[in-house]
Amino acid sequence: MEPQTKAIEALIDPIRRAVSKCYIAGNVAGTVRDTIQGLFENLARSINKYQTDITAAEVLSGYKEVIVEGPQNIMTISKLN
């Protein structure tokens, strides 16, 4: 990166982190509601779309894998990816 870009990024990153933390902390109820609603909607869509012998347990097993692996994958992603 160019020196100017690094300098701007160094100034913006702390502000970006603070805003993200405040936004997430200020909307806990919405976060929980949207997460649960999204899980149920995607579960229903998965079962309805494929209309095979897929069961709710199999879809939830997929969610479990994403939830367990997700944070680890997020931590390994860099700006170059």
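Only heavy atoms go into these numbers, but all of them, side chains included; no hydrogens, no water, no symmetry mates.
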- Residue list, side chain to side chain donor-acceptor pair (under 3.5 Å) with E2, at least two apart or on another chain: none
- Item | side chain to side chain donor-acceptor pair (under 3.5 Å) involving Q37 - partner list, sequence neighbours excluded | E41
- Using a side-chain heavy atom cutoff under 4.5 Å and only I, L, V, M, F, W and Y, what cluster partners does I12 have? I8
- Item | Residue list, side chain to side chain contact (heavy atoms under 4.5 Å, CB included) with I36, at least two apart or on another chain | V32, F40
- Can you sort out the partners of T35 under side chain to side chain contact (heavy atoms under 4.5 Å, CB included), two or more places apart, ordered by chain and number? T31, L39
- Query: Does S61 reach the main-chain N or O of A57 with its side chain, forming a donor-acceptor pair under 3.5 Å?
  - Reply: no
